[in-house]
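Notes for the one structure printed next.
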Amino acid sequence: MTTAEASTLVRLIERNPTITGAEIAAALTPPPQFEHASFDSYRPDPDFPSQQAALARLKEFAGAWRAAQRPGGFFSRKRPARIELPGVYLDGGFGVGKTHLLAALWHVAHGPKYFGTFIEYTALVGALGYAQAVELLRGAKLVCIDEFELDDPGDTMLMTRFLGELMAGGTRVAATSNTPPNALGEGRFAAADFLREIHALSANFETLRIDGLDYRRRDTEGHAVVAGDDEAVRRTAEALAANGHRTSLDGFDELIAHLATVHPSKYVRLIDGVEAIALTGAHELNDQNAALRLVAFIDRVYDAEVPLIASGIPLDEVFDAEMMAGGYRKKYLRSMSRMIALTSGELPPHD
C-alpha cells in the first residue's frame with residue numbers, strides 16, 4: 001500500500017469524535033441531499049393525490065406565515081387564509097417525500113430556524129442542559145423535527161415540554177415520522193400515535209397524510225448489494241483510496257462494538273470526511289441495542305450520502321425475525337430501505 005493510499009484509507013473504529021452543544025446547534029440544517037429542496041422541485045406521484053394535497057397545504061402554511069412577516073401582516077388585503085395552528089405533522093410511509101417537503105418549508109422560512117432529527121434535538125438538550133437549550137432556540141421562527149421518535153417515554157416527555165415552551169413563544173413546529181408500507185397491525189406508526197404521545201401539544205398540530213411508494217425502492221428491488229467476499233471488499237476499498245477517495249475499512253463486528261462506545265449524536269463526526277464505507281463480514285444481529293445503534297449510524301450515513309460496500313449477508317437482512325416483529329419494526333424497515341439505496345448508489349465524484 002502506498003503512502004497516498006494509506007492516507008485516504010481510514011478505520012472508523014479508531015475515531016473517537018467529540019461534539020459540543022454549540023456545534024450541534026450550528027449543524028441543525030437540512031442534510032446535503034435536501035440543501036436545495038423546494039416546493040417546486042417536489043414531484044407528487046399522480047397515483048397518490050394526498051401528495052399533491054400535502055404540497056398545496058404546506059404552501060398555504062408557509063404563505064400565511066410569510067404574510068404575517070410582511071408590512072401589513074395578516075391585515076394585508078391580499079393575505080391568504082390565516083393558519084390557526086402553529087404546528088404541522090406529516091404522517092406517511094418511507095420515501096414519500098416527507099423530508100423533502102419539511103426541508104422545502106425550512107428553506108422558505110425566515111430565520112432564526114432549525115432543522116434536525118429527533119435524536120439531534122435530544123442530544124442538544126443533553127449537551128447544553130434543558131434551560132440553556134430552550135434559551136438557545138427561543139425566538140426561532142420555525143423548528144423542523146425529522147423522524148420524531150416515540151420509543152422512549154422520557155425523551156418524548158422531554159421533547160413535548162421543550163416544544164411547548166418554544167411554541168408558547170411563537171415558534172412554529174413541523175414534524176415527520178414514518179409508517180411502514182402496507183403495515184396494518186403491530187408496528188404501524190400513524191398520526192394517532194404521535195398526537196396521543198404528545199397529548200399536551202396535540203391540539204396545536206394539523207396532520208397531513210402523505211401516501212405513496214418508497215422512492216428509494218421504485219427502481220431498486222430486492223436486497224442490499226453484496227460486493228463479493230471479504231477480500232474483494234478490501235481490494236475495492238484500497239483501490240478507492242488509491243484513487244484519492246477517503247474510504248473507511250472496518251469489520252462489521254468491530255464497527256458494531258465501536259458504536260457502543262460513541263454517543264449517537266457523535267455518529268455524524270464519526271464519518272466526517274469519509275467518501276465511502278467498506279464493511280467486511282456482515283451477519284445477522286441478535287442484540288436489539290446493537291441493532292438500534294446501527295440504525296442511528298445508517299441514518300447519518302444516509303444523510304451524508306456516503307456509499308456502503310459490504311461483504312457477508314445483504315445489510316438489509318441483519319435484523320433478526322424477533323426484531324422485525326417487535327415495536328421497533330418501523331425503524332428497521334426504514335434502515336433496510338436506506339441500506340438498499342446506499343449499497344446500490346454511485347460513488348460521488350472526487351473533488
Side-chain angles (χ1 to χ4, degrees), residues 30-63 83 85 87-108 115-118 144-150 173-195 205-224 295 298-299 301-303 305 316 319 324 328-345:
Q33 66 266 42
F34 298 108
E35 182 180 358
H36 303 293
S38 68
F39 291 137
D40 289 340
S41 63
Y42 180 71
R43 297 289 180 265
D45 187 331
D47 292 331
F48 296 93
S50 61
Q51 294 187 16
Q52 179 61 52
L55 173 62
R57 190 70 183 95
L58 279 178
K59 285 182 176 179
E60 291 178 358
F61 184 89
I83 305 298
L85 299 180
V88 61
Y89 169 70
L90 308 183
D91 175 42
F94 310 115
V96 296
K98 300 188 306 301
T99 302
H100 182 120
L101 289 172
L102 192 68
L105 180 65
W106 185 90
H107 283 302
V108 300
F115 184 110
T117 63
F118 182 87
C144 292
I145 307 171
D146 201 19
E147 301 168 9
F148 203 106
E149 300 182 2
L150 304 176
V173 175
T176 76
S177 193
N178 293 294
T179 301
N182 302 319
L184 300 177
E186 183 180 2
R188 184 184 190 280
F189 185 93
D193 300 295
F194 175 79
L195 297 176
F205 280 85
E206 174 183 3
T207 298
L208 301 181
R209 174 69 189 172
I210 308 176
D211 299 300
L213 301 175
D214 183 347
Y215 74 90
R216 290 183 292 266
R217 301 190 68 169
R218 289 172 191 169
D219 300 314
T220 307
E221 296 299 334
H223 294 291
V295 168
I298 292 297
D299 284 345
V301 173
Y302 183 78
D303 285 345
E305 300 181 291
D316 62 304
F319 307 120
M324 294 305 299
Y328 295 111
R329 181 171 178 266
K330 68 182 181 69
K331 286 188 177 183
Y332 298 137
L333 286 170
R334 181 188 71 216
S335 191
M336 289 161 61
S337 172
R338 292 182 167 186
M339 288 188 285
I340 290 173
L342 288 168
T343 58
S344 55

Would you please test Asp91 and Thr207 for side chain to side chain donor-acceptor pair (under 3.5 Å) and show each step? CA-CA 7 Å; Asp91 175 42; Thr207 298; over 6 Å; no
Apply side chain to side chain contact (heavy atoms under 4.5 Å, CB included) to Asp299 and Arg334, showing your working. CA-CA 9 Å; Asp299 284 345; Arg334 181 188 71 216; 2.8 Å; yes
Glu147 vs Phe118, side chain to side chain contact (heavy atoms under 4.5 Å, CB included): CA-CA, chis, key distance, verdict: CA-CA 6 Å; Glu147 301 168 9; Phe118 182 87; 5.6 Å; no
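Atoms CZ and CD1, on Arg338 and Ile298 in that order, are 10.0 Å from each other to the nearest 0.5 Å. Rounded to the nearest 0.5 Å, atoms CG (Leu55) and CG (Leu208) are 10.5 Å apart. The OG atom of Ser38 sits 12.5 Å away from atom CG of Leu105, with the distance rounded to the nearest 0.5 Å. Met324 contributes atom CE, which lies 4.5 Å from atom CE of Met336 (distance to the nearest 0.5 angstrom).
Remark: the backbone N or O of Ala224 is not paired with any side-chain donor or acceptor of Thr343 at under 3.5 angstrom. With hydrogens and angles ignored, the 3.5 Å screen pairs a side-chain donor or acceptor of His107 with a backbone N or O of Phe34. In this structure a side-chain-to-backbone donor-acceptor pair under 3.5 Å is missing from Ser335 to Lys331. A donor-acceptor distance shorter than 3.5 angstrom exists from the side chain of Gln51 to the backbone of Asp211, with no hydrogens or angles considered.
In summary, the side chains of Asp146 and Thr176 do present a donor paired with an acceptor at a separation below 3.5 Å, with no hydrogens or angles considered.
Here the side chains of Thr99 and Phe115 are in contact, with some heavy-atom distance below 4.5 Å.
Aromatic ring centroids of Phe205 and Tyr89 lie 6.0 Å or more apart.
Ile210 approaches Ala54 most closely through the heavy-atom pair CG1-CB, 3.7 Å. Scanning all heavy atoms of the two residues, the minimum distance from Phe39 to Leu101 falls at CE2-O, 4.0 Å. Taking each heavy atom of Leu90 and Leu102 in turn, the nearest pair found is CD1-N, 4.3 Å. Scanning all heavy atoms of the two residues, the minimum distance from Ala175 to Phe148 falls at CB-CD1, 4.3 Å.
Ring orientation note: the planes of His100 and Tyr42 are tilted relative to one another, at an angle of 30° to 60°.
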